[in-house]
Each structure stands twice: as structure tokens, then as C-alpha cells.
2 protein chains.
Amino acid sequence: MTSTTDSAVPAKRRRDRAAREREILDAAERIFGERGYQGTSMDDIAAAVGVSKPLVYQYYGSKDGLFLACLSRLRAQLLDAVSDAVLAAPDAEQAMYAGFVAWFTFLDEHPRTWSVMVDEGMLSAGPAAVAADEVRAEFVGLIATMVRLNLPADHPADDDEIQIVAQTVSGATERLAIWRTRNGGTPTPEKVATTLQNLLWHGLNSLRP
Amino acid sequence: MTSTTDSAVPAKRRRDRAAREREILDAAERIFGERGYQGTSMDDIAAAVGVSKPLVYQYYGSKDGLFLACLSRLRAQLLDAVSDAVLAAPDAEQAMYAGFVAWFTFLDEHPRTWSVMVDEGMLSAGPAAVAADEVRAEFVGLIATMVRLNLPADHPADDDEIQIVAQTVSGATERLAIWRTRNGGTPTPEKVATTLQNLLWHGLNSLRP
DNA sequence: CGAGTAACTTACTGGCAGTAAGTTCATCCT
DNA sequence: AGGATGAACTTACTGCCAGTAAGTTACTCG
């Protein structure tokens, strides 16, 4: 007999830790997304789940910790979506396009979660800032790798230039995502990806020294 | 025998409003830059100036108001630096390069003030967010105008594409500025500007439909 | 059924944004 | 001069929220 037999009713009651953690994380992601980091209190989140604040602290340690947990989950999903798209493409040019489309599409489908991550992810003090930087660093690394692979093997590229390009692409796509969200989700991911591709592709291929 | 005869000593005493406001604004810019928005309390700023907190409130209304005032002064300086450089250039290509160099150079010379503006300027709730967006919008507008001017007159450009390009450039330069600051101010503004120019110039010229 | 422990709560502390109400200093008027 | 007027400035609070100490309830397993 599974002990959780009576889980059909909406009564909150006691749940095991994993389930409660997920419940709290879901609520936090939603509320952070709606009201921002500053605008959200731990009491709000606890109340939304129907538990008391100290329970949230027991599971997530601090407000930063909880925010960080939201961020971490989102990061994994987003990174998966983009790298799947990139890896499935037959060549570099299509990989770049597919990566852009995956990026904008994912963020279309998670507009609120996105605002958690970017709009407020850069609280330059505290562990959340470190986490946000790690997310960016991961994408920058991914982009840098792609750029390197696209360069002719006999030209060891200028590392500074690769960094500059990777930061550019990362910064641009982040900003475009915010802009699209505020712009009601237009233009389409494909339109933006195409324009970006046109804008960057030639320049990328002229990186050889 | 100037009327303020005893001003030699470090005693704070009473000063007229304008002077006090400037003093507060300078301190706020410095402390926000050092500790971030969240890490700075109004008491900190008041103590640094040697006045009480309510005085700061009387002059700037709120923490957001004070932050906004810092932002506003910085914005004006930065925008001036960049648009001066752009307007002084003889053609579009050099204008773009000069704009990039001016941007990165200015931010080199004001690394702390920069972190006030960008790293924490996007608290997505509150009036500070609106102000930060206005700063960005101004730059995006400037870039969009430049792009339009560079296009052949007989081709009315696709507005979406111009927006995409402008957001891209703005997002990229913002991110590159943050990266350079954290990277100890390297590579040089000229190096970054050159790479960006190489990366974007061809793509920009292929925008014609 | 009783012991042990995981899930959960009440009731607090401390710090900070923001405010009400008052006090001190400078200047102008007669 | 000396009092009136207002600007510069302060003390002493409120309320909100992150974080905590210490306790209570209910599930589980021997």
C-alpha cells in the first residue's frame, strides 16, 4: 500500500519532501516571474503553496537559494533546447540558425520564467549573480566552440576575437529575447534568426587573420 | 575673506541645497557602484555625506529616485560621449567604429558608475527599470538612425530588421562592456571596436531586401 | 502501541525603506 | 539691534520582510 493513497483531494496536508520542494519551486518560478525578485517575499511564496515560511527556508536555505534553484532548472531546460537544435543540424550555418530559433522559441514558451532569469538575474551582489553569470558563461562557451569549429583548422584563431564574438552573440540574443517579449512576441523567431544570421554570418567567416 | 571664511576645516555644517544635492549624488554614485543597489542602504549614503537619512529623502524622494538621479547623470555623459564621436566622423563606417571606441573608452573611465547603470539598472520592478529602459531605447534609436542613414535611399528598409539590428548592437556592446570590465579592461577599446566592425559591417551592408 | 523522525508551525529578531514632527541656523525686514 | 520667516537638518518612530529558535503534529516501523 503506497502510503500516499489519499492524494486525490486538493487538501494540502503533508507531502513528502521531494513533492513539496517541487511545489515550492513551481510557485517560486511563477511568482518571481510575475512580480520580480524584489517584489516577491518569501511569505508570498509560502502562502501560495499553503505552507509556512520556515519550511521554505528549510528546503532552500535563503531567498537567493530559492531563486538560484529556479534559475538552475531553467538554465538546464534552455541549454538543452538550444544544444539539441545545434547538434541536430547538418552544418555550421544551419546549426547557427537552428540555435537561434530554438533560443527564441523556448523563450516564447516561457516568457515569465525568462524574466526571472534575465531581467532580475543580475543582482550584482550575492550568489544569484554568480549563478546568472554561470548561465551566460555556459552559452558563451557553447558559442565560442561553434565559432572555433567553423574556422579553418589551419588558422588557429585569435582567442580575444573569439571571445568578443561569443559575447556579442550572447548579449545580442539575450537582448533580442527581452525585446521580443516586450514586443508581444514579434517578430517571429524565424524572422529574427534569419536577420541575425544575415547580419553575422559573413562577418563570422571573415574572422580569419 | 570670502564669506565662507571658515570652510577650510572638514566640518560639514550647513550647505545650500544645490551643493548638498551634488554631494549626496556623488556619494550615492560611488557607493551604489561599490556595493550595488541592494547592498546599499540609504543610511549608508547619508552617513557617507555626514547627514541624516531624512535629508536624503527630502531631496531625492526615495531610494529609486536617488538611483534614478545617478543613472540620469551617467546617461547624459555617456550619450554625449558616443554621439559626439559618431557625429564627428566623416562617414558611416568610421562613425560606427568611433562610436564603439567612445563607448568602451567611456566605460573604461567610469567602471564603477557603469556597474550601477547596467548590472543593477534592470530591477524589473520600479521606476529605475523604466529609466534603464529609456537609456537603452535612446541608444537603440541612435543606432537605428545610423543604420537607416547608411542604407541606400531608394530602398525603404524593413523596420523589423532595423530594430533587430539596433537591439543586437546595443545588447552586444552592453555585454562586451561588462565583459571587458570584469576582464580587467582588456582587450583594448580599439581591438574590440575593430572586431565588432569586422563582424557587423558586411552584414549591415547586406540588409537591403 | 510506543519510539523515532520527517514535516511543519508559532512567535520571534534585526535591518532597512520611508515618515512625522520637531529643532537649529541664516537671512531679511523694520 | 532683534524678532520673523523659512530653509537646512535631526531624533525617533512605523511597517515590512529576510531569516531563526524552539516547539508541535503526524507518519512509519519495530
Side-chain angles (χ1 to χ4, degrees), chain A residues 1-7 9 11-25 27-28 31-32 35-70 120 123 125-129, chain B residues 2-7 9 11-25 27-28 31-32 34-70 120 123 125-129:
Chain A
M1 55 321 228
T2 68
S3 52
T4 61
T5 34
D6 57 341
S7 62
V9 278
K12 291 287 172 176
R13 301 299 217 83
R14 299 199 164 196
R15 301 168 76 86
D16 71 4
R17 177 160 182 158
R20 207 51 122 185
E21 279 181 349
R22 230 175 301 116
E23 230 182 340
I24 293 171
L25 199 60
I31 300 177
F32 276 136
R35 310 183 204 171
Y37 180 86
Q38 305 234 45
T40 302
S41 79
M42 292 297 266
D43 280 310
D44 290 343
I45 293 167
V49 179
V51 298
S52 66
K53 187 171 55 168
L55 191 71
V56 179
Y57 274 91
Q58 192 176 323
Y59 290 167
Y60 289 99
S62 66
K63 191 180 181 182
D64 270 345
L66 179 53
F67 184 80
L68 211 128
C70 294
E120 298 233 34
L123 316 162
Chain B
T2 67
S3 57
T4 58
T5 34
D6 56 342
S7 63
V9 279
K12 291 287 173 176
R13 303 297 218 83
R14 300 202 162 193
R15 300 167 78 81
D16 72 2
R17 177 161 182 156
R20 208 49 124 185
E21 279 181 349
R22 231 177 300 116
E23 233 182 338
I24 293 171
L25 198 60
I31 299 177
F32 276 138
E34 284 165 4
R35 311 183 203 171
Y37 181 86
Q38 305 235 44
T40 301
S41 79
M42 293 297 267
D43 280 311
D44 290 343
I45 294 167
V49 178
V51 298
S52 67
K53 188 170 55 169
L55 191 71
V56 180
Y57 275 91
Q58 192 176 323
Y59 290 168
Y60 289 99
S62 67
K63 192 180 181 182
D64 269 345
L66 180 53
F67 183 81
L68 211 127
C70 293
E120 299 233 30
L123 313 163

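The analysis underlying the following values was restricted to heavy atoms, covering all of them including side chains, and did not include hydrogens, waters or symmetry mates. Fair warning: this is a prediction, and the values are worked out from it, not measured in the lab. Per chain, numbering begins at 1; letters A, B, ... match sequence-line order.
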What's the shortest heavy-atom distance between B:Q38 and A:Q38, and which atoms?
OE1-OE1, 3.5 Å
Over all atoms of both residues, closest heavy-atom pair of A:S62 and A:G65:
OG-N, 2.9 Å
Distances for protein N/O vs nucleotides 15-19 of chain D N/O pairs under 3.5 angstrom?
unit_1	atom_1	unit_2	atom_2	d
D:dA18	OP1	A:T40	O	3.3
D:dA18	OP1	A:K63	NZ	3.0
D:dA18	OP2	A:M42	N	2.8
D:dA18	N7	A:K53	NZ	3.0
D:dG19	OP2	A:Y57	OH	3.0
D:dG19	OP2	A:K63	N	2.8
D:dG19	N7	A:K53	NZ	2.9
D:dG19	O6	A:K53	NZ	2.9

Roughly, in whole Å, what's the span from CG in B:L66 to P in C:dC16?
16 Å
Please tabulate, for the side chains in residues 44-58 of chain B, all donor-acceptor contacts under 3.5 angstrom to protein atoms that are two or more places apart in sequence or on a different chain.
unit_1	atom_1	unit_2	atom_2	d
B:D44	OD1	B:S41	OG	3.3
B:D44	OD2	B:R35	NH1	3.1
B:D44	OD2	B:S41	N	3.2
B:D44	OD2	B:S41	OG	3.4

Let me confirm one number: the OH-CG distance from B:Y37 to B:D64, rounded to the nearest 0.5 Å.
3.5 Å
Could I get the full list of salt bridge (charged side-chain N to carboxylate O under 4.0 Å, His left out) partners for A:R22, not counting sequence neighbours?
none
Would you please classify the geometry between the A:F67 ring and the A:F32 ring as parallel, tilted or perpendicular, with 30° and 60° separating the classes?
perpendicular
Dump the pairs, protein N or O against N or O of nucleotides 5-8 of chain D, anything under 3.5 Å, distances to one decimal.
unit_1	atom_1	unit_2	atom_2	d
D:dA8	OP1	B:R17	N	3.0
D:dA8	N3	B:R14	NH1	3.3
D:dA8	N3	B:R14	NH2	3.1

Please find the pair of heavy atoms, one from B:R20 and one from B:R15, that lie closest to each other, and give the distance.
NH1-CD, 3.1 Å
With the side chain counted from C-beta on, respond yes when A:L25 and A:Y60 share a heavy-atom pair under 4.5 Å apart, and no when they do not.
yes
